[in-house]
Undergrad: 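One structure, pasted below without further comment.
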Amino acid sequence: MFFLTKKIILDCDPGHDDAVAMILAYGNPEIDLLAVTTVAGNQTLEKVTYNARSVSTMIGMTDVPIAAGSSKPLVQAHEPADVHGESGLDGTELPEPEVPLSDAHAVDLIIETIMRNPAKTVSLVPTGSLTNIALAARKEPKIVDRVKEVVLMGGGYHEGNWSAVAEFNIITDPEAAYIVFNENWKVTMVGLDLTHQALATPEVFNKIKNINTQPSKFLGELLEFFKAMYKESQGFDSPPVHDPCTIAYLIDPSVVDTMSVPVSIELNGNLTRGMTVADFRYPIPENCNTAVATNLDRNKFWELIYDALKNIG
Ligand code: PIR
Ligand code: CA
């Protein structure tokens with residue numbers, strides 16, 4: 001099948017699964033990765049930015065600009081996610097970054113990249129807290145009309161991981177999420193309901209190992225660490241690899257089923273702050289510009305990951 005190349009900006013906080021998203025975005029020929037921007041989330045801004053550059057170096061991605069963004073959420077204090085370890089990418093030896101860091105702030109690089117490209121050609125793919133994206137929409141409101149769509153990893157309509165009802169990327173900056181979900185652009189939420197289907201099973205580990213390249217070894221080590229942490233902290237036998245599900249959806253929409261429903265961000269609940277409240281009641285309003293991901297074609301998803309690794313070599 002023939003797909004048109006999709007231009008994307010990956011805004012991330014690597015992060016084990018963010019690293020897999022970078023690999024998929026760079027290794028898949030349908031994706032034109034215009035920029036990688038970073039945001040404090042899984043670890044401090046300094047650490048996740050180092051990690052983004054280190055992963056880029058490992059996979060030979062020397063031609064994609066990397067810019068650092070917000071070091072803090074809009075309102076609350078920053079809180080790292082311990083499942084990624086002290087470095088944010090524990091479990092392997094990270095290569096010394098050989099790719100430069102852009103002088104631009106992530107927010108400016110995001111705006112500049114969207115405005116320089118034709119309207120409705122660039123998709124924004126946030127896989128961390130939504131701070132940079134919210135700030136970009138506020139600093140240059142024209143981007144809202146101009147982007148093709150926002151496909152983000154975050155939230156969940158029936159699942160939480162950081163509270164009973166909230167997911168890490170949303171609860172770490174709910175005000176930013178509120179801005180992003182309420183702007184007049186198309187937002188597809190690839191949340192925990194979907195990403196908890198993207199489990200790195202023993203079969204997946206084997207397949208990755210058998211590819212037998214430096215990047216596949218690197219990825220195998222990262223996933224081993226993630227697996228151990230997920231077992232210890234959340235009781236999973238196989239760890240969910242959240243972030244690349246966004247990219248997989250953009251490459252081939254048949255990998256991820258979605259449903260268009262209104263989604264609102266809870267800011268005030270004592271128990272529910274950071275919840276992504278999806279309203280499945282009939283009828284769905286006509287002007288609904290939010291959608292949620294529901295079902296993953298697991299085989300197609302993992303095949304995309306293997307192919308990307310093979311392409312990277
Ligand atoms: C945070 C993450 C993953 C696992 C836990 N327990 C906490 C990060 C991932 O990088 C992903 O983007 C999202 N946040 C999943 O909640
Ligand atoms: Ca992430």
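Every value quoted in this text rests on a predicted model; they were computed, and no experiment measured them. Order of appearance sets the numbers: ligands from 1, and atoms from 1 within every ligand. FYI, the numbering just counts along the sequence from 1. Only this structure's heavy atoms are used, side chains among them; waters, hydrogens and symmetry mates stay out.
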Undergrad: So for atom NZ, which belongs to Lys142, do other residues, nucleotides or ligands contribute more than 12 heavy atoms lying within a distance under 6.0 Å?
TA: no
Undergrad: Is any side-chain N of the basic residue among Glu175 and Arg273 closer than 4.0 Å to the acidic one's carboxylate O?
TA: yes
Undergrad: Give a yes or no on whether a salt bridge exists between Lys310 and Glu303, defined as a side-chain N under 4.0 angstrom from a carboxylate O.
TA: no
Undergrad: Among protein heavy atoms, which lies nearest atom 16 (O) of ligand 1, and at what distance?
TA: Glu167 OE2, 2.4 Å
Undergrad: Nearest to atom 4 (C) of ligand 1 by heavy atom, Trp162, Tyr230, Phe236: which?
TA: Tyr230
Undergrad: Verify the distance criterion only: is there a donor paired with an acceptor across the side chains of Thr37 and Asp11 at less than 3.5 Å?
TA: yes
Undergrad: Which of the atoms in ligand 1, numbered in the order shown and given with their element, are less than 4.0 Å from a heavy-atom of Gln234?
TA: 6 (N)
Undergrad: Report, as a single number, the protein N, O or S atoms less than 3.0 Å from the Ca ion (ligand 2).
TA: 5
Undergrad: So is there a nitrogen or oxygen of His242 less than 3.5 Å from a nitrogen or oxygen in ligand 1?
TA: no
Undergrad: Tell me which protein heavy atom sits closest to atom 12 (O) of ligand 1, plus the residue, atom name and distance to 0.1 Å.
TA: Asp243 OD1, 2.6 Å
Undergrad: Before we go on, tell me: are the rings of Phe225 and His84 under 6.0 Å apart, centre to centre?
TA: no
Undergrad: For the pair Phe226 and His16, name the ring-plane relationship: parallel under 30°, tilted 30 to 60°, perpendicular over 60°.
TA: parallel
Undergrad: Between Lys227 and Asp237, does any NZ, NE, NH1 or NH2 come within less than 4.0 Å of an OD or OE carboxylate oxygen?
TA: no
Undergrad: Could you check atom 3 (C) of ligand 1 against the protein and tell me its nearest heavy-atom contact, residue, atom and distance included?
TA: His84 NE2, 3.5 Å
Undergrad: Which pair of non-hydrogen atoms, one from Glu30 and one from Ile251, has the smallest distance, and what is that distance?
TA: CG-CG2, 3.8 Å
Undergrad: Quick check: are there more than 12 heavy atoms from other residues, nucleotides or ligands sitting under 6.0 Å from CD of Gln234?
TA: yes
Undergrad: Is it the case that over 12 heavy atoms from other parts of the model lie below 6.0 angstrom from the OH atom of Tyr178?
TA: no
Undergrad: Just jot down the ligand 1 atoms closer than 4.0 angstrom to any heavy atom of Met153, in number order.
TA: 11 (C), 12 (O), 13 (C), 15 (C)
Undergrad: Do the side-chain N and O atoms of Asn169 and Ser129 include a donor-acceptor pair separated by under 3.5 angstrom?
TA: no
Undergrad: Just to be sure I read this right, does ligand 1 sit under 4.0 Å from the backbone of Asn161, its side chain, both, or neither, counting only heavy atoms?
TA: side chain
Undergrad: Should you measure from each heavy atom of Asn169, which atoms of ligand 1 turn up under 4.0 Å away?
TA: 11 (C), 12 (O), 13 (C), 14 (N)
Undergrad: Heavy atoms only: which of Val83, Asn42, Thr127 is nearest to atom 5 (C) of ligand 1?
TA: Val83
Undergrad: Please list the nearest protein heavy atom to atom 10 (O) of ligand 1 with its residue and the distance rounded to 0.1 Å.
TA: Asp17 OD1, 2.7 Å
